[in-house]
Amino acid sequence: QVQLVESGGGLVQAGGSLRLSCGASGDIVNIKTMGWYRLAPGKQRELVATTSSDGITNYADSVKGRFTISRGSAKNTVHLQMNSLKPEDTAVYYCHAPRQYYPGLGSILELWGQGTLVTVSS
């Protein structure tokens, strides 16, 4: 079974930085698109950023210029560098891979990580 595993969340003061990382377990083909969502208390889930295998990135307007998504050097890893953090960035951040066919598994899967909590204090 393939899983996405996140790390790097924590508590930081406003204006600080954190780096989230996500990697896929299991021997699978390259994941074409990886991204990050976040869920804050009382709010709807928000797409934060995505990156595709051809290098195209997209960001939510709320994080443009502050967050940077990048592929890791290891296969099927992605990072989210978060700078100039604000209290409103407080949320559980989830690594995500949209539906894709995995030949080794013979399945089309959408993948989610377990989430990592980011808390920004004012």
Set of salt bridge (charged side-chain N to carboxylate O under 4.0 Å, His left out) partners for D54, sequence neighbours left out: none
Derivation of the side-chain contact (heavy atoms from CB on, under 4.5 Å) call for N30 and N76: CA-CA 6 Å; N30 286 333; N76 294 331; 4.2 Å; yes
Sequence neighbours excluded, every pair satisfying salt bridge (charged side-chain N to carboxylate O under 4.0 Å, His left out) that has a member inside residues 66-87: R66-D89
Salt bridge (charged side-chain N to carboxylate O under 4.0 Å, His left out) contacts touching residues 56-65 (sequence neighbours left out): D61-K64
Set of side-chain hydrogen bond (donor to acceptor under 3.5 Å, both in side chains) partners for [X], sequence neighbours left out:
{"X": "N83", "value": "S17, Q81"}
{"X": "K43", "value": "none"}
{"X": "E110", "value": "H96"}

Under the side-chain contact (heavy atoms from CB on, under 4.5 Å) test, residues paired with [X] that sit two or more places apart:
{"X": "E46", "answer": "R38, A60, S62"}
{"X": "S70", "answer": "H79"}
{"X": "V118", "answer": "L18, L20, M82, Y93, V120"}
{"X": "L11", "answer": "T119, S121"}

Disulfide bond (SG atoms under 2.5 Å apart) contacts touching residues 50-91 (sequence neighbours left out): none
Qualifying disulfide bond (SG atoms under 2.5 Å apart) pairs, either residue in residues 15-122, two or more places apart: C22-C95
